[in-house]
Amino acid sequence: NAPSPAPVAAEDAAESEAAVATPDLTVPLGQGVPDGRRWIEVDISEQTLIAWQGETAVLQTLISSGRTQYPTVRGTYQVRTKLDLERMIGPGYDTPNVPWTMYFFRGYAIHGAYWHNNFGTPVSHGCVNMRVDEAKALYDWASVGTEVVVRD
């Protein structure tokens, strides 16, 4: 089973929220952390993504998942394809140069989103939107085959 994040005391909540909003990207994800299974946890109800390396969360951040009419799939998947830049076309959108795209199921991907800054709120057509710099860090850290767990 997957490790759970450590509980946060009430007095640490504000500090924890700031850490979620502004992770330290000055060093590569996982640097200095013991080797271990790498996997990505997406929590739809909390609108968060946590990248795990063994028992250590190497990235914890806010994301934007799919809106009600375009829900993000739940389940356990693996990164299938990684693309530095991707043109995404769907109902009501045609978005060029989507950065740091990692497809994990059919047309569903984790990727950078340069067109909004509304992280923490579902706004996508089903994908998992991240800040561009965080998406780049995750893209560099994850490989094809990295497990992606999407849950409520």
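- Side-chain atoms of Tyr139 come within 3.5 Å of backbone N or O of Asp84 as a donor-acceptor pair.
- Considering CG of Asn118 and CD of Gln47, their distance stands at 9.5 Å, rounded to 0.5 Å.
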Would Leu49 and Glu134 count as a side-chain contact (heavy atoms from CB on, under 4.5 Å) here? Give the steps. CA-CA 10 Å; Leu49 178 147; Glu134 294 171 359; over 6 Å; no

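- No donor-acceptor pair closer than 3.5 Å links the side chain of Arg151 to the backbone N or O of Glu41.
- Across Leu29 and Ala137, no two heavy atoms sit closer than the pair CD1-O, 3.5 Å.
- With sequence neighbours excluded, no residue forms a ring pair (Phe, Tyr, Trp, His ring centres under 6.0 Å) with Tyr114.
- A donor-acceptor pair under 3.5 Å links the side-chain atoms of Arg38 to the main chain of Trp141, judged by distance alone.
- For the side chain to side chain donor-acceptor pair (under 3.5 Å) condition, the pairs that include at least one residue of residues 86-100, sequence neighbours left out, are Glu86-Tyr103, Arg87-Asp94.
- The two residues Ala51 and Leu138 have their closest heavy-atom pair at CB-CD1, 3.7 Å.
- For Arg74 (side chain) and Thr72 (main-chain N/O), a donor-acceptor pair under 3.5 Å exists by modelled atom type.
- You'll find the side chain of Met130 stays beyond 4.5 Å of the side chain of His111, heavy atoms only.
- Open room surrounds CG on Asp35; 12 or fewer heavy atoms of other groups in view lie less than 6.0 Å from it.
- A side-chain donor-acceptor contact under 3.5 Å links Ser124 to the backbone of Ser65.
- Considering every non-hydrogen atom in both Ser143 and Val79, the closest pair reads O-CB, 3.7 Å.
- Take Gln31 and apply the side chain to side chain contact (heavy atoms under 4.5 Å, CB included) test, not counting sequence neighbours, and it matches Val27, Pro28.
- For the pair Tyr77 and Ile40, the minimum side-chain heavy-atom distance is 4.5 Å or more.
- The side chain to side chain contact (heavy atoms under 4.5 Å, CB included) search around Glu46 returns Asp43, Thr48, not counting sequence neighbours.
- Closest approach of Cys127 and Gly107 over heavy atoms only: SG-O, 3.8 Å.
- Ala142 and Met102 make their closest contact through CB-SD, 3.9 Å (heavy atoms, listed as atom of the first residue, atom of the second, distance).
- Remark: Phe119 engages Leu62, Ser64, Ala113, His116, Asn117, Asn129, Arg131 in a side chain to side chain contact (heavy atoms under 4.5 Å, CB included) (not counting sequence neighbours).
- Judged as a salt bridge (Lys or Arg N to Asp or Glu O under 4.0 Å), and not counting sequence neighbours, the contacts of Asp140 are Lys136.
- Residues Arg80 and Val144 come closest through the heavy atom pair O-CG1, 3.6 Å.
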